[in-house]
Amino acid sequence: MYVLRRGEFTAQRVAELGIGDVVRALAEARGVDEHLAQEYLLSDYENAVHDPAAAELYGRMAAEVTKAVNFYNYNHRDDTIAQAYLCGGGAAIEPLVDAIAQMVNLPIAPMRELPGGVRESAWMFAKAVGCALQNGEERA
């Protein structure tokens, strides 16, 4: 999670769970390798994005986002988070976005709605922003 204030980076929190965990859970549940499970997820092959193994992780990921938002807001009571924009590969997975929206008490918007956002493919734009914000850190 990256916190921007007036368009400038102010804080970061790394979640324990990520899309790689969803891919691994889906691979195990479907009895396929991780590369194939990722393709299932990206293309929603046989309703993969709604697989119970994935859905369980969406809830846990949403809880992590909620904890981070609440922690930030508690420590910055005069400058609380008012809007969430999703980036990274998970931003294109509707059930994950829905889980976050249901749990976080904030308006949720896709990256393309950021001021100055581009109209490129939501999947590629969100993933590119997520990669860029990692600032060269090791990805899970």
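Only heavy atoms go into these numbers, but all of them, side chains included; no hydrogens, no water, no symmetry mates. Since we're looking at a predicted model, the values are computed, not measured. All residue numbers refer to positions in the sequence shown, counting from 1.
- Put simply, the side chain of Asp21 never gets that close to the backbone of Leu57: no donor and acceptor are under 3.5 Å apart.
- Annotation: side chain of Asp44 is not in contact with side chain of Ile93 (no heavy-atom distance under 4.5 Å).
- Taking both residues in full, the closest heavy atoms of Ala53 and Ala29 are given as CB-CB, 3.8 Å, listed atom of the first, atom of the second, then distance.
- Residues that satisfy the side-chain contact (heavy atoms from CB on, under 4.5 Å) test with Gln83, not counting sequence neighbours, are Tyr85, Pro107, Ala109.
- Listed by chain and residue number, Asn70, Met103, Val104 satisfy the side-chain contact (heavy atoms from CB on, under 4.5 Å) test with Thr66 (two or more places apart in sequence, or in another chain).
- Considering only residues two or more places apart in sequence or on other chains, Gln102 meets the side-chain contact (heavy atoms from CB on, under 4.5 Å) condition with none of them.
- Pairs engaging residues 91-107 under the salt bridge (Lys or Arg N to Asp or Glu O under 4.0 Å) rule: none recorded [sequence neighbours left out].
- Applying the ring pair (Phe, Tyr, Trp, His ring centres under 6.0 Å) rule to pairs touching residues 50-75 yields Tyr72-His76, sequence neighbours excluded.
- Scored by the ring-ring contact (aromatic ring centres under 6.0 Å, His included) test, Tyr45 finds Tyr40 as partners (sequence neighbours excluded).
- Partners of Glu56 according to the salt bridge (charged side-chain N to carboxylate O under 4.0 Å, His left out) rule, which considers only residues two or more places apart in sequence or in another chain, are Arg60.
- The side chain to side chain donor-acceptor pair (under 3.5 Å) test applied to Arg30 returns Asp51, not counting sequence neighbours.
- Open room surrounds CG on Asn105; 12 or fewer heavy atoms of other groups in view lie less than 6.0 Å from it.
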